[in-house]
2 protein chains.
Amino acid sequence: MRDDRFCNSNCPFTRAIGTIGNKWKPIIINVMGTRTMRFGQLDAIVPHISRKVLTEQLKELEEDGLLERLAYKELPPRVEYRLSEKGLAFLPILEHIKEWNLKYEVATIPKATDYKYAG
Amino acid sequence: MRDDRFCNSNCPFTRAIGTIGNKWKPIIINVMGTRTMRFGQLDAIVPHISRKVLTEQLKELEEDGLLERLAYKELPPRVEYRLSEKGLAFLPILEHIKEWNLKYEVATIPKATDYKYAG
DNA sequence: TATTCTGGTTACCAATGGGTAACTACAAAT
DNA sequence: ATTTGTAGTTACCCATTGGTAACCAGAATA
């Protein structure tokens with residue numbers, strides 16, 4: 001789900017989009033914030049994600065240096081994730097996106113067909 | 001390619017990701033910048049995109065209020081696109097992403113297998 | 001002895017993404 | 001009469017994404 005064509009671009013912006021330009025990664029980074037979280041927690045909190053996809057995304061985020069993974073050799077296993085410096089530096093950008101959305105998002109006007117019994 | 005589950009979230013950030021959280025839209029917005037552009041121009045400049053996908057993305061961006069579409073009733077047809085106020089307000093965020101990438105991106109270390117004739 | 005707990009991995013399947021090529025309209029140019 | 005040019009739309013098809021469910025280790029618990 002990385003896009004290699006983008007990741008190999010000579011434009012830094014395009015490369016950035018090639019690595020974090022999907023819906024899951026910003027959501028995961030936003031959920032983590034400054035917290036240290038375990039796999040099961042993320043699975044429970046990130047909306048609509050399956051474990052398979054969560055695993056993939058976490059692996060790529062680690063490979064791209066956005067988060068750190070700490071595996072404890074215990075049984076049952078315990079793994080903790082937390083954002084790296086690079087990942088933490090991305091948080092303000094997500095905050096800007098939130099503010100941008102709040103400022104400009106148009107309130108959805110329900111269509112007539114949304115009412116089962118229009119008065 | 002909007003994600004309705006995200007668009008209907010009660011979290012403004014999640015909604016934002018639901019609408020602009022894919023790889024094509026940030027790329028398109030970045031390419032347009034403050035320019036007014038025609039369909040054919042975008043098709044030529046946006047890397048790796050097909051006309052079909054470009055059409056879809058432009059339509060969604062217009063529906064979400066990020067850009068304005070001006071169709072001239074001529075033959076052959078002429079259509080111009082430009083970012084709306086909401087779209088323009090997104091540009092600084094893309095600029096931050098670019099700076100973030102420049103600052104933190106790790107230089108790719110070519111693997112040995114990348115060389116056909118390793119010396 | 002069977003169950004639980006965690007963080008995955010794997011196989012299988014359905015849904016989606018996205019590419020290509022053909023087609024449209026109509027005027028102007030060749 | 002045919003080609004060219006624009007901005008799409010449509011049909012068709014393949015590749016990728018992503019979901020579900022089963023399975024794993026191995027200690028602790030019932």
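So you know, we letter chains A, B, ... as the sequences are listed, proteins then strands, and number each from 1.
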Between [atom2] of [N] and [atom1] of [X], the distance in whole Å:
{"X": "D3(B)", "N": "dT17(D)", "atom1": "CG", "atom2": "P", "result": "16 Å"}
{"X": "M37(B)", "N": "dA7(D)", "atom1": "CE", "atom2": "P", "result": "11 Å"}
{"X": "L54(B)", "N": "dT10(D)", "atom1": "CG", "atom2": "C1'", "result": "17 Å"}
{"X": "K73(B)", "N": "dA25(C)", "atom1": "NZ", "atom2": "C1'", "result": "13 Å"}

Got a sec: does the CD of E85(B) have more than 12 other heavy atoms crowding it under 6.0 Å?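 Open: at most 12 neighbouring heavy atoms sit under 6.0 Å from CD of E85(B).
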Distance-only donor-acceptor hits, side chain of residues 26-41 of chain B, under 3.5 Å, sequence neighbours excluded:
residue, atom, partner, partner atom, Å
R35(B), NH2, V31(B), O, 2.9
Q41(B), OE1, R38(B), N, 3.0

F13(A) side chain near N101(B) side chain, heavy-atom distance below 4.5 Å: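 No. Closest side-chain heavy atoms not under 4.5 Å.
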With sequence neighbours excluded, what pairs up with D3(B) under the side chain to side chain contact (heavy atoms under 4.5 Å, CB included) test?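 Once residues adjacent in sequence are excluded, the partners of D3(B) under the side chain to side chain contact (heavy atoms under 4.5 Å, CB included) criterion are K23(A), R5(B), F6(B).
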Compute the angle between the rotation axes at the two ends of the helix from dT1(C)-dA30(D) to dT30(C)-dA1(D), each taken over five pairs, rounded to 10 degrees.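 If I round to tens, the end axes sit 30° apart.
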How close do G65(A) and K86(A) get, counting heavy atoms only, and between which atoms?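 That closest heavy-atom pairing would be O-CB, 3.5 Å.
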Atom of D64(B), atom of K25(B) and distance for their closest heavy-atom approach: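 So the minimum-distance heavy-atom pair works out to OD2-NZ, 4.5 Å.
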In chain order, what residues pass the side chain to side chain donor-acceptor pair (under 3.5 Å) check against E56(A), with sequence neighbours excluded?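 None.
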Tell me, which pairs form a ring-ring contact (aromatic ring centres under 6.0 Å, His included) where one or both residues lie in residues 56-92 of chain A, sequence neighbours left out?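 The answer is F90(A)-W100(B).
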Protein within reach of the bases, or only the backbone? For nucleotides 1-21 of chain C, mark each nucleotide 5' to 3' as B, S or -, using heavy atoms under 4.0 Å. ----BBSBS-------SBBB-
